[in-house]
Amino acid sequence: MRHATIIKNGSPSFDPFVTRLLCSYAYLGYMADALRLFDNISNPDTFQWNVMIKGYVDKGFFEEAFEFYQLMQFMGVRADNYTFPFVIKSCAGLCSFVEGWKIHCRLIKVGFDLDVYVGNSLITMYAKTGCIDFAEKVFDEMPMRDSVSWNSMIGGYALDGDGWKALLCFQEMMEFGIEADRFSVISALTACSLVKSVKHGMEIHCHVIRCGFPSDVMVQTTLVDMYCKCGNVAFSEHLFNSMFQRNIVAWNSLIGGYALNDHPHEALLTSVEMQERDKINPDAITLVNVLPACAQLRGLSQGKSIHATAIRRGFLPFLVLETAIVDMYAKCGEVRSAEQLFEQMTEKNLISCNAMIAAYVQNGQNKKAMELFHNLEKGSVKPDAVTIASIIPAYAELALLRTGRQIHGYATKNGYSSNTFILNSLIYMYAKCGDLQAAQRIFDSMLFRDVVSWNTIIMAYAIHGFGRTSIEIFTQMQEKGLKPNGSTFVSVLSSCSIAGMVDEGWMYFNSMQQDYNINPQIEHYGCIADLLGRTGDLEKAESFIQDMPLVPTSRIWGSLLVASRNARNIELAESTAERILALEHDNTGCYVLLSNMYAEAKRWEDVDRMRALMKKESLEKTRGCSIIEINSLTCSFFNNDTSHIETNTIREVLDLLSQKIGEGIRTTPIKFKPRDILRTEASLPRSHSVRLAICFGLISTTVGAPILVKKNIRICDDCHHAVKMISKVTGREIIIGDSRIYHHFRDGLCSCGCSTLDVIHSSTSMTLQGYQSRVQMTHH
DNA sequence: GTAGGGTTAG
């Protein structure tokens, strides 16, 4: 009634009823009503302006709050020491350092910067806008500080991610004689989570119990969160169960904690329990916390149902949740669903783009990853360390040294030359691109090496055929006191397999379970299957695969297939190929391997049958191709390729080398019927792509320089032998990277120390692709 | 009438 009269007649600013009504509206958050009343005040005073600005800030309408302040200035109304904390808070809410800084400058002129409330707001504003140095300066120069000043500074450091500084500040505060209250404790506990120091966390926990606020829900929730983030889930559980009252934040903390500590089942169960026990429905944050659990379980159906819940409950669009869903789809192998969601997202930021780049890379879509990376680079958002660490494996997969060096240069240029994540990726990239020395150089240069760094360098030597060196590095790693993890043993067992170290392989397989309490995963079983296959004890290999507690993948059966090929056991090869084709009907390698075995046994009808089958499945034998990089140019050669501009010189060198290494001009390959030989000139080992590439390398590089050739399929026995000889007669080191490992040929010997077989892609357990995904999983 | 706090994506 009175409001209506005021609207009709207008009101002078000094009516105390008007002010009280305005306060009530603002206090209750009825800002539309407050605004209508305010508009009818003829000359609002500073207090009334302040009420409006505070009202908007409290509702989270920072833009409106800031506009009101600007309008106030425009109207010539003097701002007072109460105005500024609200305005500064609105700048913090808008994440606008520039506006905040301008206000700060104005404050200094009018002398309000000495006000403790103003100073405290400035500290938080600078911390929230990412300028911790400014916050520190304000704190240092304050003429007087209260507990809020200290708490703001502790919280500011924690927000900045500098847990140690926050803890130091917390300690300093107490030494100063200021009692830690619940605000200080919450910030200090967040700091403990950041530095993962359960020791400091427990000290603060004791303080909480001593000081008499142990039943504060927020403090308890922060404690639950801290113990989880420090890896102590049991403590969190205990604390959580002893809580008098729990709200959704407490439940979410525990659920997130389970997911963080690789307890996906508990995470999912707890989200159900929350609904049953406390009748609390999941919110968007609950879903964000549960999604990684689905990813860990590769639980696509659970993940999909969470996506559906998010839509049904109206949680979308919500950037954080959408990013978590993209990540879940990617980790469950559903890159297409991840992509669809990403494309539909109305808002994107660096984190969501990074998630999509990683999604592509994890699923082998490296070209798309690079495309997104380049688009990001062209835009206004600058890639960060995570972007670069995510994209490097895509360049590694390309296996081109030139582009690999480019991305290394890019990382350095962007100031990440000492970032452990990135350097780990670079070690992998150089190893994958064939430059083992560069990989070693990076490892040597690192100031801080983590488990991933060691795992990667061990794997680097393994994929270059130096299994024994790998094991030596593993010993060094243990001597340095680093605790190996599951990925370490993938590297170690791969090394044993590559070097043919059977006894050691078994020893490490047992040791990882007994000494390190690590359950072997499919990759570890793969390594042992491969190792057993190598010993030629097919029965043992077969029974190992059949008895293993996990379902064998096609890759694991591939180890047995190669083993049966080596032992020329056609029956076993046939039955194993059947198992592989049941899992992967388009596995070209299987058909080609069987066909070659039949040819060796002169079973031409079966050879024809294989060819017919491949035709029926529309499969084509992978065309052998070799790549060599000369003066930043990439040259590809196919078998019997004559398209290169230097083809005549290459041929001359080829003939010369053939003579020198004692090969006849024409040898009859075993794999073709006599009448097919003319037709299959291209398949003569003498003109295999790898030799053409080597010859081109010999004439295009300085005498004595090493030659690096990459091949898409495995090098054949003939070429493997020939390259040994070529390395001897030319005195060059020749490095050949095939689909399995790198061979270092020097002075008539090869690093791999064993003969190889051709064409079979997914045959071994230690292919780089598999390792890459593990490395990435460890990263994120 | 002012300032500081817990769960959240790569």
Side-chain angles (χ1 to χ4, degrees), chain A residues 19-20 22-23 26-27 46-48 50-51 53-55 57 80-89 92 112 115-125 127-128 146-156 158-159 181-190 193 216-226 228-229 247-257 259-260 283-292 315 318-328 330-331 345 348-359 361-362 383-387 389-390 421 776 779-780:
Chain A
T19 307
R20 241 180 292 146
L22 192 70
C23 284
Y27 178 76
T46 302
F47 183 88
Q48 288 159 335
N50 287 353
V51 171
I53 298 173
K54 180 181 190 300
V57 169
D80 64 6
N81 55 321
Y82 286 96
T83 317
F84 288 109
F86 307 140
V87 183
I88 295 165
K89 199 172 178 180
F112 281 139
D115 183 286
V116 70
Y117 283 86
V118 171
N120 294 345
S121 334
L122 282 171
I123 295 173
T124 303
M125 183 274 294
K128 283 193 176 156
D146 61 7
S147 65
V148 180
S149 321
W150 284 94
N151 290 345
S152 305
M153 206 55 234
I154 300 167
L159 205 65
D181 60 11
R182 41 205 285 281
F183 290 96
S184 347
V185 157
I186 288 169
S187 295
L189 286 172
T190 310
S193 305
D216 183 291
V217 187
M218 280 197 192
V219 171
Q220 296 234 296
T221 305
T222 317
L223 279 165
V224 167
D225 183 58
M226 180 275 296
C228 283
K229 293 223 169 92
N247 57 19
I248 192 153
V249 182
W251 281 100
N252 286 348
S253 301
L254 187 67
I255 295 168
L260 189 74
D283 65 1
I285 308 296
T286 316
L287 305 192
V288 169
N289 281 322
V290 169
L291 282 161
F315 293 153
F318 173 34
L319 185 59
V320 175
L321 182 52
E322 285 162 317
T323 307
I325 301 172
V326 165
D327 185 56
M328 175 278 298
K331 296 210 168 105
M345 280 165 67
K348 287 170 194 166
N349 64 3
L350 183 60
I351 300 181
S352 58
C353 290
N354 286 349
M356 196 60 230
I357 290 174
V361 175
Q362 280 159 14
D384 69 355
V386 180
T387 324
S390 305
F421 278 167
Q776 277 164 1
H779 270 179
H780 300 307

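Quick caveat: nothing in here was measured; it's all calculated off a predicted structure. Chain identifiers are assigned alphabetically (A, B, ...) following the order of the sequence lines, protein sequences preceding nucleic acid strands; residue numbering begins at 1 within each chain.
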- Where do A:Asp80 and A:Thr46 land on the side chain to side chain donor-acceptor pair (under 3.5 Å) test, with the steps shown first? CA-CA 7 Å; A:Asp80 64 6; A:Thr46 302; 5.4 Å; no
- Gap between atom CG of A:Leu22 and atom CD of A:Gln48 - 0.5 Å precision: 6.5 Å
- Message: Once you apply a heavy-atom cut-off of 4.0 Å, does A:Thr222 come out as touching a base, just sugar-phosphate, or nothing?
- Response: sugar-phosphate
- Query: B:dT2 C1' sits how many Å from A:Tyr117 OH, rounded?
  - Reply: 6 Å
- Item | Side chain of A:Ala324 - closest among B:dG4, B:dA9, B:dT7 | B:dA9
- Nearest to side-chain heavy atoms of A:Asn151, which nucleotide of B:dG4, B:dG6, B:dA9: B:dG4
- Indicate whether A:Phe183 forms a stack on B:dG4; treat it as stacked only if centroid distance is below 5.5 angstrom and interplanar angle below 30 degrees. yes
- Query: Which residues satisfy the ring-ring contact (aromatic ring centres under 6.0 Å, His included) test with A:Phe112, sequence neighbours excluded?
  - Reply: A:Phe84
- Message: Expressed as a whole number of angstroms, how long is the span from A:Gln220:CD to B:dT7:P?
- Response: 15 Å
- Give the nucleotide from the list B:dG4, B:dT7, B:dT8 with an atom nearest to the side chain of A:Ser253. B:dT7
- Query: Excluding sequence neighbours, so at least two apart, what forms side chain to side chain contact (heavy atoms under 4.5 Å, CB included) with A:Asp384?
  - Reply: A:Leu350, A:Asn354, A:Val386, A:Thr387, A:Tyr416
- Message: Mind checking if A:Ile123 touches a base, just sugar-phosphate, or nothing, with heavy atoms under 4.0 Å?
- Response: nothing
- Task: Provide, to the nearest angstrom, the distance between the NZ atom belonging to A:Lys54 and the P atom belonging to B:dG1.
- Result: 11 Å
- Task: State which of B:dG6, B:dT8, B:dG1 makes the closest approach to the side chain of A:Val217.
- Result: B:dG6
- Task: Report yes if a donor N or O on one partner sits less than 3.5 Å from an acceptor N or O on the other, where the partners are the side chain of A:Ser152 and the base of B:dG4; otherwise report no.
- Result: no
- Message: Under 4.0 Å, counting only non-hydrogen atoms across every strand here, what does A:Phe318 touch: a base, just sugar-phosphate, or nothing?
- Response: base
- Query: Under 4.0 Å between a side-chain N or O of A:Lys89 and OP1 or OP2 of B:dG4?
  - Reply: yes
- A:Asn247 near the nucleic acid: base, sugar-phosphate alone, or nothing, with a heavy-atom cut-off under 4.0 Å? base
- What is the distance, rounded to the nearest whole Å, between atom CG of A:Asp115 and atom C1' of B:dG1? 13 Å
- Between B:dT7, B:dG6, B:dG4, spot the one nearest the side chain of A:Thr124, thanks. B:dG4
- Query: Rounded to the Å, how far apart are A:Ile255 CD1 and B:dG6 P?
  - Reply: 19 Å
- Query: Using a cut-off of 4.0 Å on non-hydrogen atoms, how would the nucleic acid contact of A:Asp283 be classed: base, sugar-phosphate, or nothing?
  - Reply: nothing
- Donor on one side chain, acceptor on other, A:Asp181 and A:Ser184, under 3.5 Å: yes
- Task: May I have the distance from A:Asn289 (atom CG) to B:dT8 (atom C1'), rounded to whole angstrom?
- Result: 6 Å
- Item | Flag for A:Thr286-A:Asn252: side-chain donor and acceptor within less than 3.5 Å | yes
- Would you mind telling me which of B:dG4, B:dA3, B:dT7 lies closest to the side-chain atoms of A:Asp181? B:dG4
- Task: Can you tell me the distance, in whole Å, between the CE atom of A:Met153 and the C1' atom of B:dA3?
- Result: 15 Å
- Query: For A:Asn120 and A:Asp146, does a side-chain donor sit closer than 3.5 Å to a side-chain acceptor?
  - Reply: yes
- Task: Identify which nucleotide among B:dT2, B:dG1, B:dG4 has an atom closest to any side-chain atom of A:Val148, counting heavy atoms from C-beta outward.
- Result: B:dG4
- Flag as yes if A:Tyr82 stacks onto the base of B:dT2 (centroids under 5.5 Å, planes under 30°), otherwise no. no
- Task: Can you check whether any acceptor in the base of B:dA9 is under 3.5 Å from a donor in the side chain of A:Asn349, or vice versa?
- Result: yes
- Give one of base, sugar-phosphate or nothing for A:Asp327, where a contact means two heavy atoms less than 4.0 Å apart. sugar-phosphate
- Message: It should be established whether A:Lys229 places a side-chain nitrogen or oxygen under 4.0 Å from OP1 or OP2 of nucleotide B:dG6.
- Response: no
- Task: Please report, rounded to the nearest Å, how far the P atom of B:dT2 is from the OH atom of A:Tyr27.
- Result: 11 Å
- Task: Tell me which nucleotide among B:dG4, B:dG6, B:dT8 gets nearest to the side chain of A:Met218.
- Result: B:dG6
